[in-house]
Amino acid sequence: MTTLPGLPPAALPSPLQEIHDDRFARRGVRLLLKRDDLLHPDLPGNKWRKLTPNLRAATEGGHRTLLTFGGAWSNHLRATAAAGRLTGLATIGVVRGDELAGRPLNESLARCAADGMRLHFVSRAAYRRRTEPGFLAGLRDRFGDFFAVPEGGSNTAAVRGCAALGRELLDAPHPPDVTAVACGTGGTLAGLAAGLGPRHRALGVPVLRGGFLGRSVLELQTAAFGGRRGDWSLAEGHHHGGFARVPAPLEAFAEDFAARHGLPAPDRVYVAKLLFALTALAQQGAFTEGTVLAAVITG
Ligand SMILES: *Cc1c(COP(=O)(O)O)cnc(C)c1O
């Protein structure tokens with residue numbers, strides 16, 4: 001992979017670190033952390049894996065501006081803004097919810113703005129039309145030429161970028177039997193499973209309510225690779241009430257996990273829900289004795 005001008009290189013492959021946790025050990029499960037949070041100082045985790053192929057495509061296509069979509073707390077918008085600052089591409093963030101337009105920016109959007117992202121607030125109804133050609137044409141009339149990246153950054157280039165995560169795990173001295181990842185759009189899982197291939201399981205933990213994710217992952221794999229790839233499944237029912245909801249038991253779990261293992265506080269929206277789900281599944285005996293289980297720390 002060629003580097004991008006302005007973007008510091010990523011530390012590849014990210015470390016695969018074994019930790020000792022009684023709740024897994026008691027069930028004969030070895031727990032490894034795939035530390036993608038250490039990949040890159042500005043674009044951590046799966047955002048680096050997903051964005052860099054898009055930055056390259058935009059630059060090679062002669063575009064000077066990247067336009068993308070997200071909610072008010074979107075990690076993807078933040079990463080895109082940071083990438084724009086570093087590479088010199090202009091960035092536009094189309095933000096869900098026009099009620100936010102007149103208000104002070106939250107911390108996440110303030111960081112986007114500080115990195116030079118132009119924020120464009122649209123109503124929830126308009127946001128639902130974000131993939132329609134007419135809607136994009138309207139944005140082109142307004143902003144001129146841009147390279148569009150979908151919500152969450154999940155497109156074909158991103159999914160192919162995430163396949164490298166699976167291949168890195170296969171190259172480990174002891175590739176994990178099961179690799180689990182938290183899912184928003186499912187793009188990371190789609191690539192991970194393809195990279196792992198059919199003999200190593202990938203397990204996705206959706207952090208949104210819905211039940212639509214399986215279809216999205218299949219669609220993303222079909223667009224990127226021509227059909228279903230790898231051995232993947234979803235563990236539903238671990239969303240704790242929905243996207244970005246952090247009830248007290250989840251908060252307590254996240255703080256305890258970090259303290260127990262001397263790790264940075266896990267991202268609450270995704271990573272804490274993944275680790276909570278895996279702990280519950282292990283205690284329920286969902287993994288056979290002897291399983292080597294990897295959790296991807298996506299950010
Ligand atoms: C964006 C994000 C995800 C979700 O990735 P998808 O490819 O949309 O499923 C997971 N973890 C973290 C930390 C993220 O920022």
Side-chain angles (χ1 to χ4, degrees), residues 14 33-54 68-83 93 96 108 111-112 149-166 179-195 202-221 223-224 230 232-236 238-240 242-244 246 250 254 257-258 263-278 294-299:
S14 64
L33 304 182
K34 176 67 170 162
R35 297 290 305 274
D36 262 15
D37 55 318
L38 303 177
L39 262 184
H40 198 276
D42 301 288
L43 311 179
N46 65 348
K47 299 302 181 279
W48 182 87
R49 295 194 188 270
K50 293 167 78 169
L51 261 175
T52 45
N54 278 295
T68 193
F69 305 86
W73 292 99
S74 165
N75 287 349
H76 165 66
L77 283 186
R78 268 218 314 282
T80 304
R96 182 182 61 237
S108 188
R111 275 171 55 190
C112 292
V149 176
E151 180 182 58
S154 287
N155 57 10
T156 292
V159 168
R160 289 184 183 147
C162 289
L165 167 60
T179 302
V181 68
C183 299
T185 62
T188 306
L189 174 65
L192 166 70
L203 179 66
V205 174
V207 305
L208 286 89
R209 295 173 167 278
F212 52 83
L213 197 73
R215 204 175 60 201
S216 304
V217 174
L218 182 55
E219 281 170 9
L220 287 165
Q221 286 198 327
W232 59 267
S233 58
L234 299 174
E236 301 274 8
H238 301 279
H239 56 64
H240 297 260
F243 189 68
V246 187
L250 177 64
F257 194 91
L263 292 166
D267 162 274
R268 299 296 194 264
V269 176
Y270 294 99
V271 177
K273 287 183 184 178
L274 168 71
L275 296 169
F276 191 107
L278 294 180
V296 184
I297 309 303
T298 36

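Counting starts at 1 for both ligands and their atoms, following the listed order. Position 1 is the first residue of the sequence, and the numbers go up from there.
Between Val269 and Trp73, the closest side-chain pair of non-hydrogen atoms is not below 4.5 Å. Contact annotation: the side chain of Thr80 never approaches that of Val149 to less than 4.5 Å [non-hydrogen atoms, C-beta and beyond]. Residues Thr68 and Asn54 form no side-chain contact, since every pair of their non-hydrogen atoms from C-beta on lies 4.5 Å or further apart. When side chains are defined from C-beta on, Thr185 does not count as touching His76, because their heavy atoms never get closer than 4.5 Å.
Relative orientation of the His40 and Trp48 rings is parallel, given thresholds of 30° and 60° on the angle between their planes.
Residue-ligand proximity: Gly186 is placed with a non-hydrogen atom under 4.0 Å from ligand 1. Remark: distances from the non-hydrogen atoms of Lys47 to ligand 1 include one below 4.0 Å.
Each of the atoms 13 (C) of ligand 1 lies under 4.0 Å from some heavy atom of Gly299. Counting the atoms of ligand 1 from 1 in the order shown, those under 4.0 Å from a heavy atom of Cys183 are 9 (O). Atoms of ligand 1 found under 4.0 Å from any heavy atom of Asn75 (numbered from 1 in listed order, with element): 14 (C), 15 (O). Proximity to Thr188 (heavy-atom distance under 4.0 Å) selects the following atoms of ligand 1: 5 (O), 6 (P), 7 (O).
In this structure a side-chain-to-backbone donor-acceptor pair under 3.5 Å is present from Arg160 to Ala224. Side-chain atoms of Lys34 come within 3.5 Å of backbone N or O of Ser14 as a donor-acceptor pair.
By the 3.5 Å distance cut-off applied to N or O atoms, Gly184 is counted among the residues near ligand 1. In terms of polar-atom proximity, defined here as any N/O pair under 3.5 Å, Asp267 makes no such contact with ligand 1. At least one N or O atom of Thr185, backbone or side chain, sits closer than 3.5 Å to an N or O atom of ligand 1.
Of all the heavy atoms of Asn46, the ones lying under 4.0 Å from any atom of ligand 1 belong exclusively to the side chain.
Screening Asn75, Asp36, Asp37, Thr188 for a side-chain hydrogen bond (donor to acceptor under 3.5 Å, both in side chains) involving Asn46 leaves a single residue, Thr188.
Looking from atom 11 (N) of ligand 1 to the surrounding protein, the closest heavy atom is Thr298 OG1, 2.6 Å.
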